[in-house]
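These notes are about the structure you will find just below.
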Amino acid sequence: MDKDPNMAAALRVVSELQKLNGADTLSDPTKTPVVRVKVETVDGRPAGEALLNPRAAEEIGDVAGVLTEYALAMPADYQAGRTVPAPTPELDPLLVADLEDMFADIDPASYLADVFAGPDAESSIAAYEEITGEWDGQL
């Protein structure tokens, strides 16, 4: 196994692209790939490739676009996530108190109408129990 962090990062990219394409293909196995993505380390060592169907290719483009917009609009925030350890943001104690008060005022019984109106009763009840702290982890 290659211990090089650059190769590990490149292999992860290839793996995730292949998984995305595989998930996209599950819905329609006849989809034809439209994009071939070859991934190499910065020094040119090949890590692998992924063939992407139309939807997977479009979604990768969308994700890259969102990340680019974020990095350009908020460069300090984008770079902050790259420090080790990441800086811990200061929390406004008044805001935290307001949120705690807001959630303390919510009556779980007010959700019951939504629970019983849900299309999948079992999942709706499990979601309700998760919110109220009664969920046993079983569906």
Original post:
Under a 4.0 Å N-O cut-off, is there an ion pair linking K19 with E16?
Top reply: yes

Original post:
Hydrophobic clusters join Ile, Leu, Val, Met, Phe, Trp and Tyr when side-chain heavy atoms are under 4.5 Å apart, directly or via other members; which others share one with V66?
Top reply: none

Subject >> Hydrophobic cluster of V96, others only, ordered by chain and residue number, side-chain cut-off 4.5 Å >> reply: L91

Subject >> Transitive ILVMFWY side-chain link V13 to V37, under 4.5 Å >> reply: yes

**OP:** Is it possible for you to say whether I60 and V34 belong to one hydrophobic cluster, with membership spreading through side-chain heavy-atom contacts below 4.5 Å?
**Re:** yes

Could you tell me the separation between the [atom1] atom of [X] and the [atom2] atom of [Y], rounded to the nearest 0.5 Å?
{"X": "L52", "Y": "L17", "atom1": "CG", "atom2": "CG", "value": "5.5 Å"}
{"X": "L95", "Y": "L99", "atom1": "CG", "atom2": "CG", "value": "5.0 Å"}
{"X": "N6", "Y": "L11", "atom1": "CG", "atom2": "CG", "value": "11.0 Å"}
{"X": "D62", "Y": "L67", "atom1": "CG", "atom2": "CG", "value": "11.0 Å"}
{"X": "E40", "Y": "M7", "atom1": "CD", "atom2": "CE", "value": "9.0 Å"}

Original post:
Under the side chain to side chain donor-acceptor pair (under 3.5 Å) test, which residues partner D120, sequence neighbours left out?
Top reply: S123

Original post:
Do you know the tightest heavy-atom contact between A10 and T41?
Top reply: CB-CG2, 4.3 Å

**OP:** Please report the shortest heavy-atom distance between P33 and L51, naming the atom on each side.
**Re:** CB-CB, 3.8 Å

Original post:
D92 side chain to L94 main-chain N or O, any donor-acceptor pair under 3.5 Å?
Top reply: yes

